[in-house]
Amino acid sequence: LERLESAMVYSSGGGHADYDHLASDAVHYNPSDLASWVDSMLSELTPADPGPVRQAPAPDGWVDQIYPQPQRPVAPRMEEEEDSGIRLVHLLMSSAEAIQRGDAALSGSLIDEMRLLLTRVNTGFGIGKVAGYFVDALTRRLYSVSSAAASGSPAEYEILYHHFYEASPYLKFAHFTANQAILEAFDGHDRVHVIDFSLMHGLQWPALIQALALRPGGPPSLRLTGIGPPSPDGRDSLREIGLRLAELARSVRVRFAFRGVAANRLDDVRPWMLQVAPGEAVAVNSVMQLHRLVTDPDSPGPAPIDSVLSWIHGLRPKIVTVVEQEADHNKPGFLDRFTEALFYYSTMFDSLEAGRANGSAAQQQQSAAVAEVYLQREIRDIVCCEGPDRAERHEPLVRWRARMGQTGFKPVHLGSNAFKQASMLLTLFSGEGYCVEEVDGCLTLGWHSRPLIAASAWRADDLEDNARPVPDNFIFSSISSTSNTNDSNNNNHNNIIINGNGSMLRRNSNNNSRSSDSSSQQESIQGM
């Protein structure tokens, strides 16, 4: 591919050649065909060597001279590429500074210069790739390209999230660390309730269900409330995830109930939607979600994060697990935010490239490529958006510690078991630069000396247990945050519950009776 790019750049003496004859409607989905396709493109771009070029007869009877054909460079020299990379970083900073000053003309000219420089560096890895993403984001900001359209739908976001999960250890670290803290907080409790602020295909919960199944003395009765966006196609995707988790729970003999809450924004959720019952040990789990509730530091009035943390504290949870990016992308000044993002995502891409270089499976390579799109959309949000349009407001651990403390939460030390789990997880990834560190009872995962995500755990400081038990067949329905609580005719409110005898029921919430409707009828699973 590098040879192909170089041939296209240097064809016709570096001029602008006409490549229309290379246009094709074929889409090469099969990576095994890519090499032959590149070879065919090279053969079309590089004509057969005509040999020595004979000049026209010179005047005064001079003898014809033979001139060798000049050799064009196949790829830029390493020194030139390094210089271009350094120049790109300086131009990125200058362009961001011009935008902050309101000098759109200067920023635009710098962007044009960077686009030219990008043709001289390898944009497949390193600073060339990162610079390309930031040049794209600056262009979108400068020319008011819709960042909302670029962010995609919630369904697309979940797909990208899944690939990011597969391609790197960051989300796995988040899930393992949070699950360990939740498991320890549930010790000695027979009725437990997990509230997940972003269900995301339920990737986190099979491991916890299996761990609870192996608990000495038998597993507790588990309730899971998963929050996620409404399905655009009308499907109850939350309920489908709940069904799969219920099947797993049945197979390992864990009594399980699921409740889905559909909400476009986390601050649309209200505590009554979660139906926390007396006597339950409650865990609230947030993986890279709370930063979306933060506002500009100089914004007047309370932020959505304040009200959400307040009602979380009112649930009196045994544990609140928080995993967030260890970055400061919520600075009021654009240049400061841009600089922080440039260095943060450069480190993140370095770690992904190391994992890809050491990986072999084609599926892993594909996940790594799609995972980069996940990060690219974060970059666009941080660079392009301002005010309420900006969602990726990452803040460092020290600021989260202050915010949680002000709301009345006390830190819970993530013990040695969580540290060991995280360290063992890194052995599954061949990149040697990953490192886990303990910081005042919290854990961070980073690349070399730069921490990239941080996990912490908290509890309500005035926690008091209520001993009233929950009825054995307490029914929990799947609801939407936009639904009317007084609407008894809403037939889409269904529940998934595993009873002690191993049968799985879905019941209509308006009368708790079995319905003949296909979305509400009883389903049975034989024996446990």
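Judged by distance alone, the side chain of T119 and the main-chain N or O of R115 form no donor-acceptor pair under 3.5 Å. Distance alone, capped at 3.5 Å, places no donor-acceptor pair between the Q421 side chain and the F176 backbone. In terms of modelled atom types and a separation under 3.5 Å, the side chain of E324 and the main chain of H394 share no donor-acceptor contact. One N or O on the side chain of D381 and one on the backbone of A391 form a donor-acceptor pair closer than 3.5 Å. The closest donor-acceptor contact from the side chain of S351 to the backbone of M348 lies under 3.5 Å. Looking at S95, its side chain never comes within 3.5 Å of a backbone N or O of L91 through a donor-acceptor pair.
When side chains are defined from C-beta on, I111 counts as touching V135, because their heavy atoms get closer than 4.5 Å. Side-chain contact check for N330 versus D296: some heavy-atom pair is nearer than 4.5 Å. Using a 4.5 Å heavy-atom threshold, the side chains of L266 and I227 count as touching. P451 is not listed as a side-chain neighbour of E437, based on a closest heavy-atom distance of 4.5 Å or more. Counting only heavy atoms from C-beta outward, the side chains of E97 and M93 never approach each other to under 4.5 Å. Two residues are said to be in side-chain contact when any heavy atoms from C-beta on lie closer than 4.5 Å; F197 and L290 meet this criterion. Side-chain contact check for Q204 versus L171: every heavy-atom pair is 4.5 Å or farther apart. Here the side chains of E166 and V370 are not in contact, with every heavy-atom distance at 4.5 Å or above.
With values rounded to the nearest 0.5 angstrom, H291 atom NE2 is found 10.5 Å from R393 atom CZ. We find the OH-CG distance between Y170 and L352 to be 6.5 Å, quoted to the nearest 0.5 Å. The OG atom of S237 lies 6.5 Å from the CD atom of E158; values are rounded to the nearest 0.5 Å. Atom CG of L208 and atom CG of L245 lie 10.5 Å apart (nearest 0.5 Å). With values rounded to the nearest 0.5 angstrom, D440 atom CG is found 11.5 Å from L414 atom CG. Distance check: W458 CH2 to R403 CZ gives 11.0 Å after rounding to the nearest 0.5 Å.
In this structure, R377 is not positioned above the aromatic face of F164 in the sense of NZ or CZ being under 6.0 Å from the six-membered ring centre and within 45° of the axis. Geometrically, R141 engages F334 in a cation-pi contact defined by less than 6.0 Å to the ring centre and at most 45° from the axis.
Using a 30° and 60° split on the angle between ring planes, H329 and Y345 fall in the parallel class, below 30°.
The minimum heavy-atom distance linking P304 with L293 is given by the pair CD-O, 3.4 Å. The two residues T295 and S299 have their closest heavy-atom pair at OG1-CB, 4.0 Å. A pairwise comparison of heavy atoms in T177 and A422 identifies OG1-CB, 4.5 Å as the closest pair. Between Y143 and G108, the closest heavy-atom pair is OH-CA, 3.9 Å. In terms of heavy atoms, I99 sits closest to S107 at CG1-OG, 3.3 Å. Of all heavy-atom pairs spanning A455 and C442, the tightest one is O-CB, 3.2 Å.
E340 and R450 are joined by a salt bridge, as a carboxylate oxygen and a charged side-chain nitrogen come within less than 4.0 angstrom of each other. Note on R292 versus D267: no salt bridge recorded, every NZ/NE/NH1/NH2 to OD/OE distance being 4.0 Å or above. Contact check on R337 versus E392 returns no salt bridge, with no Lys/Arg side-chain nitrogen under 4.0 Å from an Asp/Glu carboxylate oxygen.
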The test is side chain to side chain contact (heavy atoms under 4.5 Å, CB included); show your working for H413 and E438 and say whether it passes. CA-CA 10 Å; H413 193 285; E438 188 270 335; 3.6 Å; yes
List the steps, then state whether side chain to side chain contact (heavy atoms under 4.5 Å, CB included) holds for V412 with E184. CA-CA 11 Å; V412 176; E184 294 176 3; over 6 Å; no
From CA spacing to verdict: ring-ring contact (aromatic ring centres under 6.0 Å, His included), Y165, H201: CA-CA 11 Å; Y165 174 89; H201 299 289; over 10 Å; no
Is there a side chain to side chain contact (heavy atoms under 4.5 Å, CB included) between E326 and W400? Walk through the geometry before answering. CA-CA 10 Å; E326 182 60 9; W400 284 108; over 6 Å; no
Going through the distances and angles, do D350 and H448 end up as a side chain to side chain contact (heavy atoms under 4.5 Å, CB included)? CA-CA 10 Å; D350 282 345; H448 294 292; over 6 Å; no
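Results of the side-chain contact (heavy atoms from CB on, under 4.5 Å) test with F338 over L138, I382, I379 single out L138 as the only residue that passes.
Taking the six-membered ring for Trp and the full ring otherwise, Y133 and F349 have centroids separated by under 6.0 Å.
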